[in-house]
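As the structure is a prediction and not an experimental result, all values here were calculated from the model. The residues of the chain are indexed from 1 along the displayed sequence.
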Amino acid sequence: MFYDREKAVEYAHNWAFSRNPNYFSFTGIGGDCTNFISQCIHAGGAPMNYAPTYGWYYISPTNRAPAWTGVQFLYNFLTRTSGRGPFGKGVPIDKIEIGDIIQLSFDGVTYEHSLLVVERGIVPSPDNILIATHTDDSDYRPLSTYSVKQRRYIHIEGTRFS
């Protein structure tokens, strides 16, 4: 059940402004943010779940789970799946930790962007939570710099290996 938050964050810092050649970049064709976040979680020790349709895995650009690259699909996988892979739950902002995920809704209806928390203050707030992401490549970017209608905070509780 161990999730290595530091390794996830280290991966985020290493690849925030470039692309790991082991993964296709979806920038320009729907965005690369959730693909990048999934890579970070995987680097933190989360095993892939190869269940068809409802799993969380990446083999190739055309052979991947919707949860690997889709904002809402990743949320659903993390918060609803009881099988192999990472799992988490929605939490208030004060429970967010490094290696956790924040998803943004620009219109207040649909969540469209995923971020990885790389740093946070003692009392987390949008001004002292720093993120890394792709699409609009960023690292150490303050959460408060996003103009959004809603945010949701997903705490990665751990990983399952079976």
Checklist line | Side chain to side chain, Arg5 and Val117, heavy atoms closer than 4.5 Å | finding: no
Check: Do Ser38 and Asn35 touch side chain to side chain, with heavy atoms closer than 4.5 Å?
Finding: no
Item checked: Asn76 and Thr81, any side-chain heavy atoms less than 4.5 Å apart -> no
Checklist line | Linked, directly or transitively: Ile29 and Phe36 (ILVMFWY side chains, under 4.5 Å) | finding: yes
Check: Checking side chain to side chain contact (heavy atoms under 4.5 Å, CB included) for the pair Phe106/His113: CA distance, chi angles, key distance, verdict?
Finding: CA-CA 9 Å; Phe106 299 100; His113 198 34; 3.9 Å; yes
Next item on the list: For Pro47 and Arg160, work out which heavy atoms get closest and say how close.
Entry: CG-O, 3.2 Å
Checklist line | Pair Tyr23 + Tyr58: ring centers closer than 6.0 Å | finding: yes
Check: In terms of ring plane angle, is the pair Trp68 and Trp56 parallel, tilted or perpendicular, where the classes change at 30° and 60°?
Finding: tilted
Notebook entry, point to check: Can you find a side-chain donor-acceptor pair between Asp32 and Thr135 that sits under 3.5 Å?
Noted result: no
Check: Step by step, would you call His13 with Tyr140 a side-chain hydrogen bond (donor to acceptor under 3.5 Å, both in side chains)?
Finding: CA-CA 9 Å; His13 292 318; Tyr140 292 108; 3.2 Å; yes
Next item on the list: Work out which heavy atom in Ala67 is nearest to a heavy atom in Leu74; give both atom names and the distance.
Entry: O-CB, 3.4 Å
Note to self: Is any side-chain heavy atom of Ile156 closer than 4.5 Å to one of Phe87?
What the structure shows: no
Item checked: Smallest separation among heavy atoms of Pro124 and Ile93, with atom names -> CB-O, 3.6 Å
Check: Looking at Asn20 and Gln39, what are the two nearest heavy atoms and their distance?
Finding: CB-OE1, 3.9 Å
Note to self: Would Arg141 and Tyr146 count as a cation-pi pair here, with the cationic atom under 6.0 angstrom from the ring centre and within 45° of the axis?
What the structure shows: yes
Check: Taking atom CG of Asp139 and atom NE2 of His134, what is their separation to the nearest 0.5 Å?
Finding: 9.5 Å
Check: For the side chain of Asn49 and the backbone of Arg84, is there at least one donor-acceptor N/O pair under 3.5 Å apart?
Finding: yes
Checklist line | Test applied, side chain to side chain contact (heavy atoms under 4.5 Å, CB included); reference residue, Ile129; option that passes from Ile102, Asp100, Leu115, Val118 | finding: Ile102
Notebook entry, point to check: Parallel, tilted or perpendicular: which fits the ring planes of Tyr11 and Trp15, with parallel below 30° and perpendicular above 60°?
Noted result: tilted
Note to self: Both conditions, 6.0 Å and 45 degrees, for the charged tip of Arg152 above the ring of Tyr111: are they met here?
What the structure shows: yes
Next item on the list: State whether Arg120 and Glu97 are salt-bridged, where the test is any N-O pair (Lys NZ or Arg NE/NH1/NH2 against Asp/Glu carboxylate O) under 4.0 Å.
Entry: no
Check: Quick one: OG1 on Thr27 to CG on Asp136, what's the gap to the nearest 0.5 Å?
Finding: 10.0 Å
Note to self: Do Thr34 and Phe26 have side chains that approach each other closer than 4.5 Å (heavy atoms only, starting at C-beta)?
What the structure shows: no
Next item on the list: State yes or no: do Ile131 and Val91 share one hydrophobic cluster built from I, L, V, M, F, W and Y residues joined by side-chain heavy-atom distances below 4.5 Å, directly or via other members?
Entry: yes
Item checked: Cluster overlap Phe24 with Ile37, hydrophobic side-chain contacts below 4.5 Å -> yes
Notebook entry, point to check: Any side-chain heavy-atom pair from His155 and Glu157 closer than 4.5 angstrom?
Noted result: yes
Checklist line | Donor-acceptor pair, side chain of Tyr3 and main chain of Gly99, under 3.5 angstrom | finding: yes
Next item on the list: Determine whether the aromatic ring centres of Tyr75 and Phe73 lie less than 6.0 Å apart.
Entry: no
Check: Got Ile101 and Tyr153 here, is their nearest side-chain heavy-atom distance under 4.5 Å?
Finding: no
Notebook entry, point to check: Are any of the side-chain heavy atoms of Leu78 and Pro86 separated by less than 4.5 Å?
Noted result: yes
Check: Would Phe77 and Tyr54 show up in the same hydrophobic cluster when neighbours are defined by side-chain heavy atoms closer than 4.5 Å?
Finding: no
Item checked: Linked, directly or transitively: Val71 and Tyr57 (ILVMFWY side chains, under 4.5 Å) -> no
Check: Does a side chain donor of either Ser105 or Arg151 reach within less than 3.5 Å of an acceptor in the other side chain?
Finding: no
